[in-house]
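Worksheet: the structure to be examined is printed underneath.
In the text below, chain A, chain B and the rest are named by the order of the sequence lines, each starting its count at 1.
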Number of protein chains: 2
Amino acid sequence: MPNSIRGASTYHHGDLRAALIDAAVALIAEHGVQGLSLRECARRAGVSHAAPYRHFAEKNDLLLAIAQQGFGWLAEAGRAAMTGVTGARERLEAYGVAYVRFAVTHPVHHRVMFSEALGGAHTQKGDEPSFQLLVEAASQAVGPDDPPLLAAVSAWSLPHGLAMLILDGRIPPELVRTPDDAERLAREVFAMWRSGLR
Amino acid sequence: MPNSIRGASTYHHGDLRAALIDAAVALIAEHGVQGLSLRECARRAGVSHAAPYRHFAEKNDLLLAIAQQGFGWLAEAGRAAMTGVTGARERLEAYGVAYVRFAVTHPVHHRVMFSEALGGAHTQKGDEPSFQLLVEAASQAVGPDDPPLLAAVSAWSLPHGLAMLILDGRIPPELVRTPDDAERLAREVFAMWRSGLR
DNA sequence: CGGGAATGTTGTCGCTGTCAACACAAAGGA
DNA sequence: TCCTTTGTGTTGACAGCGACAACATTCCCG
């Protein structure tokens with residue numbers, strides 16, 4: 001029972017872990033990953049400066065939790081985008097478009113998921129579901145003898161690069177005002193690689 | 001006359017600005033952008049903790065200097081890779097391959113160039129030479145009526161995404177042990193988009 | 001009802017970015 | 001030659017941070 005609901009201030013917060021994650025996401029949205037501070041998160045959660053250490057051994061663990069949340073959402077979005085799509089290449093493209101939309105919809109999560117602070121963390125191993133999804137789709141898009149990994153890397157690089165460029169503000173903002181804009185741009189980029197830039 | 005050359009310790013360093021940049025690059029290579037510390041840079045340059053402020057108004061300005069150095073090198077590498085290549089699409093691909101090689105050869109610079117800490121900085125405007133180069137090449141690769149910006153974005157996204165994935169360690173390391181490996185991988189990814197993943 | 005086990009607090013440490021005040025050195029005009 | 005100006009490096013200070021230890025409170029389960 002969080003304080004904010006109860007009104008009265010209880011010694012125990014109730015769901016401090018989730019509150020800290022939310023505060024961290026908000027803080028990163030305001031001041032970037034570099035501007036994240038455990039003490040400020042604690043302040044916003046109405047809790048003392050050392051309380052976060054009961055839930056996260058160190059600052060990076062908080063970032064890791066955000067990343068895990070993001071990878072879960074991404075796998076979900078990718079799965080949803082691919083259901084009903086039958087052609088292998090169409091599935092890859094659907095995943096890519098959903099990838100870009102996810103990045104634009106959850107910019108903080110996407111940035112944290114691929115921030116270097118998580119260097120040696122769990123996402124390095126290929127067992128991330130969102131990545132597995134991609135490799136599966138890729139393996140069906142190439143011949144049985146071709147290395148599926150190469151196809152997966154190829155199919156991942158394009159939406160990943162586009163998403164990064166958008167988040168970094170390198171794409172003219174009028175092209176990506178809304179998630180729908182970003183999705184349309186992603187489709188156009190895919191189309192360009194399918195036809196024009198051959 | 002730097003202290004290290006003179007042997008004797010002189011009050012004035014001689015080229016502290018460059019020394020600080022080099023120290024910062026080394027530090028980031030060891031501990032990531034988050035692990036960069038002006039005081040540690042000063043220590044490694046054999047100088048007091050506040051000396052860097054005579055050359056950089058704040059920490060971000062040091063990162064900005066690294067980024068500018070990187071953008072210069074990138075434009076240089078891109079120009080070199082495209083000279084002698086005549087076909088418009090071949091030029092775009094040559095730029096992309098050089099882009100990936102640059103990122104692998106100067107990982108710290110590439111990471112800083114696209115780190116969020118530089119948010120509102122100069123690289124946002126499209127007047128970066130390395131970006132101009134890309135737009136020019138793209139405008140020749142599409143029909144005269146097609147928007148060159150879209151082609152540029154498309155041609156940028158793929159190598160940018162691949163470079164990011166490599167730097168983040170998301171590509172199996174045996175594929176990218178050396179810059180030559182990375183360059184080969186980049187060519188294969190381009191080839192895959194040209195033929196297979198249509 | 002009682003005693004761990006969680007969870008939150010207070011206090012502390014060293015480190016950092018940044019500023020202000022001061023010290024030294026090089027350059028150039030009198 | 002001297003002496004002032006300007007650039008550069010130093011010392012000292014302050015607040016904020018991550019992290020730890022010691023302590024307080026509450027929850028839960030036997």
Rounded to whole Å, how long is the line connecting atom [atom1] of [X] with atom [atom2] of [N]?
X	N	atom1	atom2	value
A:Leu20	C:dG8	CG	C1'	12 Å
B:His31	D:dG18	NE2	P	18 Å
A:Leu62	D:dC17	CG	P	14 Å
B:Tyr53	C:dT16	OH	P	11 Å
B:Arg17	D:dG9	CZ	P	12 Å
B:Glu40	C:dG14	CD	P	18 Å
B:Phe56	D:dG9	CZ	P	11 Å
B:Lys59	C:dC15	NZ	C1'	12 Å

**OP:** Select from A:Glu58 and B:His55 the residue whose nearest nucleotide in DNA chain D is closer to the 5' end of that strand.
**Re:** B:His55

**OP:** Name the closest nucleotide to the B:Arg54 side chain, picking from D:dA19, C:dA21, C:dT9.
**Re:**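 Of all the options, the side chain of B:Arg54 is nearest to C:dA21.
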
[X] vs [Y] side-chain heavy atoms within contact, under 4.5 Å:
X	Y	value
B:Trp156	B:Leu92	no
B:Glu188	B:Met192	no
A:Leu185	B:Leu150	yes
A:His109	A:Ile66	yes
B:Tyr95	B:Ser130	yes

**OP:** Tell me, please, which residues at least two apart from A:Asp61 pass salt bridge (charged side-chain N to carboxylate O under 4.0 Å, His left out).
**Re:**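 With neighbours one apart ignored, the set is empty.
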
Original post:
Salt-bridged, B:Glu76 to B:Arg79, with N to O below 4.0 Å?
Top reply: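 Between B:Arg79 and B:Glu76 there is no salt bridge, as every charged N stays at least 4.0 Å from the carboxylate O atoms.
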
Original post:
Going 5' to 3' along nucleotides 11-16 of chain D, which nucleotides have protein heavy atoms under 4.0 Å from the base (write B), which only from the sugar-phosphate (write S), and which from neither (write -)?
Top reply: BBB---

Subject >> Touch class at under 4.0 angstrom, heavy-atom based, for B:Leu36 against every strand present >> reply: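 The residue B:Leu36 makes sugar-phosphate contact but no base contact.
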
